[in-house]
A.B. asks: 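One structure follows; several queries about it will come next.
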Amino acid sequence: MSEAFVHEMEELLVSMRNELLEKLTEDNSDFREMVNSMGIKDSIDVAADDIAFKKMEAINKHEANRLRSIENAIARIHNGKYGYCLRCGKKIPEERLRAIPYAVLCIDCKNAEEVPGRK
């Protein structure tokens with residue numbers, strides 16, 4: 001894996017991290033707005049608000065996990081372990097890293113993880 005490719009991926013990951021942090025900050029202000037706008041409501045309004053809260057919470061949890069994956073990828077770049085499968089140690093193909101810059105498993109290990117009974 002070339003140094004230029006790793007540098008390109010680091011720039012992409014940093015950009016992804018910044019966009020995600022901005023989105024999470026924006027979502028949190030939207031969440032605060034929803035809480036502040038709650039007043040006396042009928043049961044349908046309360047149920048709708050509850051669904052909205054749960055949806056936002058699930059999105060934030062997913063985004064927080066993605067942010068953690070991006071941060072870990074940046075750390076792997078800095079310690080020289082970026083682009084290697086955490087399970088088998090083989091190089092992760094550049095095509096996979098271009099598609100998912102924070103991938104930690106090669107395609108074979110990822111497929112084995114997704115298919116029950118295979119490892």
A.B. asks: Which residues pass the side chain to side chain donor-acceptor pair (under 3.5 Å) test with Glu94, sequence neighbours left out?
C.D. replies: none
A.B. asks: Is any side-chain heavy atom of Lys91 less than 4.5 Å from a side-chain heavy atom of Tyr84?
C.D. replies: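 Yes - at least one pair of side-chain heavy atoms lies under 4.5 Å apart.
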A.B. asks: To the closest 0.5 Å, what do you measure between CZ (Arg76) and CG (Leu13)?
C.D. replies: 8.5 Å
A.B. asks: Could you check whether Glu95 pairs with Arg98 (Lys NZ or Arg NE/NH1/NH2 to Asp/Glu carboxylate O, under 4.0 Å)?
C.D. replies: no
A.B. asks: May I ask whether Val6 and Tyr102 are part of the same hydrophobic cluster, defined by side-chain heavy atoms of I, L, V, M, F, W, Y residues being less than 4.5 angstrom apart, directly or through others?
C.D. replies: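 Yes, same cluster.
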A.B. asks: State plainly whether one hydrophobic cluster holds both Met9 and Leu67, where clusters connect Ile, Leu, Val, Met, Phe, Trp and Tyr through side-chain heavy atoms under 4.5 angstrom apart.
C.D. replies: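 As far as the 4.5 Å side-chain criterion goes, Leu67 and Met9 are connected within one cluster.
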A.B. asks: Specify the closest pair of heavy atoms between Leu97 and Met1, including all atoms of both residues, with the distance to one decimal.
C.D. replies: CD1-CE, 3.9 Å
A.B. asks: Using 0.5 Å steps for rounding, measure from the NZ atom of Lys23 to the CG atom of Asn18.
C.D. replies: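 If I round to the nearest 0.5 Å, the distance is 15.0 Å.
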A.B. asks: Looking at CD of Glu19 and CD of Glu63, how far apart are the two atoms once the value is rounded to the nearest 0.5 Å?
C.D. replies: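 Atom-to-atom, Glu19:CD and Glu63:CD are 11.0 Å apart.
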A.B. asks: If two hydrophobic side chains count as joined below 4.5 Å and joins carry through other members, does Ile100 share a cluster with Leu86?
C.D. replies: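 Different clusters.
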A.B. asks: Answer yes or no: is there a donor N or O on one side and an acceptor on the other, between the side chain of Arg66 and the main chain of Leu20, under 3.5 Å?
C.D. replies: no
A.B. asks: Enter the distance from Leu21:CG to Ile70:CD1 here, rounded to the nearest 0.5 Å.
C.D. replies: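 Between Leu21 CG and Ile70 CD1, I get 8.5 Å after rounding to 0.5 Å.
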A.B. asks: Could you see if Ile74 belongs to whatever hydrophobic cluster contains Leu12? Use Ile, Leu, Val, Met, Phe, Trp, Tyr and a side-chain cutoff under 4.5 Å.
C.D. replies: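 Per the 4.5 Å side-chain linkage, Ile74 and Leu12 are co-clustered.
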A.B. asks: For the pair Glu113 and Lys110, evaluate salt bridge (charged side-chain N to carboxylate O under 4.0 Å, His left out) and give the outcome as yes or no after the intermediate values.
C.D. replies: CA-CA 5 Å; Glu113 180 182 83; Lys110 184 64 176 172; 3.1 Å; yes
A.B. asks: Do you see a donor-acceptor pair shorter than 3.5 Å between the side chains of Glu3 and His7?
C.D. replies: no
A.B. asks: Let me confirm one number: the CZ-OG distance from Arg17 to Ser69, rounded to the nearest 0.5 Å.
C.D. replies: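 Separation between the atoms: 13.5 Å.
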A.B. asks: Check Cys106 against Cys85 and note the closest heavy-atom contact, atom names and distance.
C.D. replies: N-SG, 3.4 Å
A.B. asks: Examine Ile92 and Ile107 and state if one hydrophobic cluster contains both, with Ile, Leu, Val, Met, Phe, Trp and Tyr joined whenever side-chain heavy atoms are less than 4.5 Å apart.
C.D. replies: no
A.B. asks: What are the two closest non-hydrogen atoms of Met16 and Pro101, and how far apart are they?
C.D. replies: SD-CG, 3.8 Å
